[in-house]
Protein chains: 2
Amino acid sequence: MYTIKEVAKKMEVSEHTLRFWAKCGFFPFVERDKNNVRVFSESDLDWVKIVKCLRACGTDNKSIKKYLTLCLEGDSTLKERFDIIKETKKKALSKMEELKQQLEMLDYKEQFYMDLIKNNKKDIWNPISASK
Amino acid sequence: MYTIKEVAKKMEVSEHTLRFWAKCGFFPFVERDKNNVRVFSESDLDWVKIVKCLRACGTDNKSIKKYLTLCLEGDSTLKERFDIIKETKKKALSKMEELKQQLEMLDYKEQFYMDLIKNNKKDIWNPISASK
DNA sequence: TACTTGACTGAGAGTTGCTATCAAGTTATA
DNA sequence: TATAACTTGATAGCAACTCTCAGTCAAGTA
C-alpha cells in the first residue's frame with residue numbers, strides 16, 4: 001500500500017500530476033484511509049503504469065478515461081479495448097519513426113557543427129545567410 | 001517561394017502553429033510581399049524543419065528562440081549550438097528508449113486481450129478486480 | 001463596375017495538460 | 001503543547017497550441 005508520494009517516486013510521475021489524474025477520474029477505485037488519504041494498492045500501480053504508457057503514446061486524457069470506463073464495464077468491451085491498444089501501438093510506432101528521422105537530422109547537424117569547429121570554417125548554413 | 005499555407009502542407013505543421021511560431025519570433029528573416037504576406041524561401045523551410053525537430057525532441061519554445069538567437073549571432077556561438085544539438089540528441093534518445101518500453105507493454109497487452117477474446121476467458125486483470 | 005470568392009493578416013478567446021501555491025486538517029516528534 | 005511533516009482540495013498560472021473572427025487585398029464573374 002502506497003501514499004500518493006510513494007507512488008509518485010516509484011512511478012516517476014509528479015504528485016501534482018497524480019492528483020490531476022485523480023481529478024480526471026482516473027482512479028475511482030483507489031481507496032482512502034480514515035483520514036481521507038489515498039491508498040494505492042500494488043495493482044493500482046499497474047494501472048498508473050498503463051496511464052503513463054497511454055499518455056507517452058499521445059493518448060489524450062479523455063480517451064484514457066474512456067478506456068478506463070470500458071475496463072470497468074467488463075468482458076463485453078474486450079474487443080473495443082483491444083482495438084484501442086492496437087491503435088495506441090500504431091501511434092507509438094509512428095512516433096518512433098518520427099524520432100528516428102529527427103535523430104538522423106541531429107546526427108547530421110552534430111557532424112556539421114563538429115566539422116565547422118574543428119576546421120575553423122564559417123557557418124555557411126545559418127538562418128541569416130540561408131534566408132538570403 | 002511559399003505562402004504560409006504551402007509551408008503548412010509541405011512541412012505538415014498547421015498554419016495556426018506556423019503563425020504562432022512567427023509570433024514567438026521564430027521567423028525574423030521570413031520576407032513579406034507588398035501585401036504583407038509572408039514569403040518563405042527554400043532555406044526558410046529548412047529552418048522550419050529544424051524547429052519541428054527541436055519541438056519533437058521536447059525543446060521548449062524559449063530554448064528554440066535562444067538557439068535561433070545564437071545562430072543569428074554567427075560563428076562565435078558554434079560551440080554553444082553544438083552543445084545544444086548534443087543535448088537534444090540525448091533527449092531524443094531517452095524518448096526513444098521510453099517509447100520502446102511502452103511498446104513492449106502494449107505488445108504484451110495486445111497479446112493478452114487477443115488470448116482473452118480467442119479463448120473466451122474472463123478478464124482477470126481489470127482495474128476493478130485488480131484493485132480489490 | 002459592382003460583387004463574390006478565396007487567400008492572408010493579427011488580435012484575442014478557448015483548450016489541454018500540467019504545475020505551483022495555498023489554506024486547512026491530521027499525525028508524529030520534540 | 002507546539003511544531004514539523006504529511007495529506008487534502010481549490011484555485012491560479014503557464015506553455016503550446018487551436019480556433020474564431022474582423023479586416024485587407026486580388027482575382028474572377030455578372
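Sequence lines set the chain letters: A, B, ... in the order given, protein chains first and strands last, and positions in each chain run from 1. All values below come from the heavy atoms of this structure, side chains included, with hydrogens, waters and symmetry mates left out.
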Notebook entry, point to check: Hey, mind stepping through B/Phe26 and B/Phe20 against ring pair (Phe, Tyr, Trp, His ring centres under 6.0 Å) and telling me if it holds?
Noted result: CA-CA 9 Å; B/Phe26 287 3; B/Phe20 174 71; 7.9 Å; no
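Rounded to whole angstrom, the span from the CD1 atom of A/Ile64 across to the P atom of C/dG17 amounts to 8 Å. When the C1' atom of D/dT18 is taken as reference, atom NZ of B/Lys23 falls 11 Å away, rounded to whole Å. Residue B/Phe26 contributes atom CZ, which lies 8 Å from atom P of D/dC17 at whole-angstrom precision. Separating the CZ atom of B/Phe27 from the C1' atom of C/dC8 is a distance of 16 Å, rounded to the nearest angstrom. Nucleotide C/dT16 holds its C1' atom 17 Å from the NZ atom of A/Lys65, rounded to whole Å. A/Arg32 places its CZ atom 14 Å from the P atom of C/dT26, with the value rounded to the nearest Å. Rounded to whole Å, atom C1' of D/dA16 lies 15 Å from atom CG of B/Leu54. Residue A/Asn36 contributes atom CG, which lies 11 Å from atom C1' of C/dT26 at whole-angstrom precision.
The pair A/Lys86-B/Glu110 fails the salt-bridge criterion, with no side-chain N (NZ, NE, NH1 or NH2) lying under 4.0 Å from an Asp/Glu carboxylate O.
Comparing B/Asn35 and A/Glu6 along DNA chain D, the residue whose closest nucleotide (by nearest heavy atom) sits nearer the 5' end is A/Glu6. Checking B/Asn61 against B/Lys34, the closest nucleotide of DNA chain D that is more toward the 5' end is the one next to B/Asn61.
Within the 4.0 angstrom heavy-atom criterion, no nucleotide atom of any strand lies near A/Lys62.
Looking at the side chain of A/Val37, the nearest of the listed nucleotides D/dT8, D/dA15, C/dG17 is D/dT8.
Side-chain N or O atoms of A/Thr77 include none that pairs as donor or acceptor with a backbone N or O of A/Glu73 at under 3.5 Å.
In the hydrophobic cluster analysis, where Ile, Leu, Val, Met, Phe, Trp and Tyr join through side-chain heavy atoms closer than 4.5 angstrom, B/Met11 is grouped apart from B/Val39. Clustering ILVMFWY residues whenever any of their side-chain heavy atoms sit less than 4.5 angstrom apart, transitively, puts B/Val37 in a cluster other than the one holding B/Val7.
Interface residues of residues 9-21 of chain B facing DNA chain D, ordered by number: B/His16, B/Thr17, B/Phe20, B/Trp21; criterion, heavy-atom separation under 4.0 Å.
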Solution key, residues 63-71 of chain A side-chain donor-acceptor pairs under 3.5 Å, sequence neighbours excluded:
residue, atom, partner, partner atom, Å
A/Ser63, OG, A/Asp60, OD1, 2.7
A/Tyr67, OH, B/Tyr113, OH, 2.6
A/Thr69, OG1, A/Lys65, O, 2.9

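Considering only heavy atoms from C-beta on, B/Thr3 stays 4.5 Å or farther from B/Phe40 through its side chain.
Under 4.0 angstrom from either OP1 or OP2 of C/dT9 there lies at least one side-chain N or O belonging to B/Arg38. In this model, the phosphate group of D/dT7 is approached by a side-chain N or O of A/Thr3 to a distance below 4.0 Å at OP1 or OP2.
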